[in-house]
Amino acid sequence: MNKQHCIVVRKSGPLEGRVRIDGAKNSVLPIMAATLLCEQECIIEDVPKLRDVYVMIDLLKTLGAGVEFSEDGVLRVDGSKVDKWSAPYELVRKMRASFLVLGPLLARFKRTMVSMPGGCAIGTRPIDLHLKGFEALGAKINVEHGSVEAVANELVGERIYLDFPSVGATENIIMAASLAKGTTVLENAAEEPEIVDLANFLNSMGADIKGAGTNTITIKGVERLGATTHRVIPDRIEAGTFMVAAAITGGDIMVDNIMLEHVKPVAAKLREIGCTITEFENGIRVQGPDSISNTTIKTLPHPGFPTDMQAQFMALMSVANGTSVITETVFENRFMHATELARMGAEIKIEGRTAVVRGTPKLAGAKVDATDLRAGAALILAGLVSEGETVIGQIHHIERGYVHIENKLSQLGADIRRIQQI
Ligand code: EPU
């Protein structure tokens, strides 16, 4: 853990230039878990060098997979020697997404044991929907001593309705159903682009999945899955974060390597608050306004406004003209950044799932902590427009989801650096 490092940001002028977006964290993690379904080599390209990716590599290796990760972001996973079906607490506790190995291990070995992911900074985040799905496919689930054990003689396709379109549950169930007998129809499924990427990856291995990206996904089980090469989609949240960097500093940034469709909700909001947005085939140019307008934001499952951009927009609204209202409907406790932003002078009132943000013309640098990944990004953004110096601690959270964010921002003209704490 890099607890001894922190990021120092000083008030910076308008950011200008081009930035290239890395492969999507929330795509690559389920895709890496899905390699466990295959007894041959899978090659994944444009894999971001993130802390969470290294945790998943450790987990795959622990299970027996051969893993090679090259300097240019190509990950090779050889699943032929995977011979363990249990994921240990030491790895699962580091990253909630480790729970995504449950579906593939259950499908491959008909039994698995994975530690409970437990609580996390942004809410309790239960796993009931994952488990309901596995049970519907025929697994017996036993939750004991902090672990989930799932056993099945065989997995058989079923009609499954999710009470909430959970991203992780949709992914876990799709993976398990890919090798089940017969057809699974998953209703009220999550529609996030990362689900489509996972389905494309599985289909390229020989799976038969239709409807990914809509709320009904049909998975016809197949006998086995084979070798493939797949390029991960660009990270829409990293892209959104740089788009907000242009907005908050009144800058002009060309964000390269994105899929326009994926950043639509963020682009629409940025237009609303006064940004000029120009779309290109593979990129988007964001020109920040002279003065930022207030707005209303409600996070929703895709294609609604993403919860993973809520914190960054709270930073932006902190310096907007007038009062903004932000409602978080996806997670019940994802406003921890509000307290840290308040240390910098932001005027934010939280009531339940709603934050009322009264824009203030000036923020002031302070010593703050990244309470989670996106909270950390929000603090960096606020630091760019705060008088003096902002020192952000607990940056290991930021490293979970942003590749060298300080380097990318400083190439755009930001006054930002990483230092070692004394
Ligand atoms: N939920 C349940 N029961 C379940 C599963 C989820 O009640 O069995 C609830 C959660 O408690 C939460 C809501 O459903 O309130 C949404 O959770 P979801 O399962 O959709 O989220 P996730 O799969 O745990 C992924 C991303 C998150 C992102 C959310 C929502 C990955 C690895 N993580 O989490 O990403 O916020 O979807 O879009 O894909 C991030 O990147 O910063 C991040 C937190």
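As the structure lists them, so they are numbered: ligands from 1, and atoms in each ligand from 1. Every value quoted in this text rests on a predicted model; they were computed, and no experiment measured them.
- Within the listing of ligand 1, atoms 40 (C), 41 (O) sit less than 4.0 angstrom from a heavy atom of Lys25.
- Checked by distance only, ligand 1 and Asn26 come closer than 3.5 Å through their nitrogen or oxygen atoms.
- Counting heavy atoms closer than 4.0 Å to ligand 1, residue Leu373 contributes side-chain atoms (C-beta onward) but none from N, CA, C or O.
- Side-chain contact annotation: Glu272 with Ser293, donor-acceptor N/O pair under 3.5 Å absent.
- Checked against a 3.5 angstrom limit, the closest N/O atoms of Pro126 and ligand 1 fall inside it.
- Residue Arg96 has at least one heavy-atom neighbour below 4.0 Å for each of these atoms of ligand 1: 24 (O).
- Closest heavy-atom contact between Asn203 and Ala207: OD1-O, 2.9 Å.
- A heavy-atom distance below 4.5 Å is found between the side chains of Phe201 and Cys42.
- Salt bridge annotation for Lys132-Glu135: absent, with no cationic side-chain nitrogen under 4.0 angstrom from a carboxylate oxygen.
- Between Thr307 and ligand 1, not a single N/O pair is under 3.5 Å apart.
- Polar contact with ligand 1: present for Gly168 (N/O pair, distance under 3.5 Å).
- Residues satisfying the salt bridge (Lys or Arg N to Asp or Glu O under 4.0 Å) criterion with Asp46, sequence neighbours excluded, are Arg20.
- Here atom 20 (O) of ligand 1 lies nearest to Val167 when heavy atoms of Val330, Val167, Asn172 are compared.
- In terms of N/O distances under 3.5 Å, ligand 1 is approached by Ser166.
- Nearest heavy-atom pair across His397 and Leu373 is O-CD1, 3.4 Å.
- With a 4.0 Å cut-off on non-hydrogen atoms, Glu238 does not touch ligand 1 at all.
- Considering Ile43, Val67, Thr229 in turn, Ile43 is the only one that fulfils the side-chain contact (heavy atoms from CB on, under 4.5 Å) rule with Arg76.
- The only member of Val101, Val114, Thr62 that meets side-chain contact (heavy atoms from CB on, under 4.5 Å) when paired with Leu91 is Thr62.
- Atoms CD1 and CG, on Ile258 and Asp235 in that order, are 11.5 Å from each other to the nearest 0.5 Å.
- Heavy-atom proximity to Ile127, at under 4.0 Å, picks out these atoms of ligand 1: 4 (C), 8 (O).
- Residue contact check: Asp308 has heavy atoms under 4.0 Å from atoms 27 (C), 28 (C), 35 (O), 36 (O), 40 (C), 41 (O), 42 (O), 43 (C), 44 (C) of ligand 1.
- Heavy-atom proximity to Phe164, at under 4.0 Å, picks out these atoms of ligand 1: 13 (C), 14 (O), 16 (C).
- Note: an N/O pair closer than 3.5 Å links Leu129 and ligand 1 by distance alone.
- In this structure, Lys220 contributes its side chain and Gly157 its backbone to no donor-acceptor pair below 3.5 Å.
- The shortest heavy-atom distance from Gln310 to ligand 1 is not under 4.0 Å.
- Proximity of His302 to ligand 1 is not established, as no heavy-atom distance is less than 4.0 Å.
- Taking Glu39 as the reference, nothing meets the salt bridge (Lys or Arg N to Asp or Glu O under 4.0 Å) condition, with sequence neighbours excluded.
- Among His397, Glu192, Arg374, Met309, the residue whose heavy atom lies nearest to atom 41 (O) of ligand 1 is Arg374.
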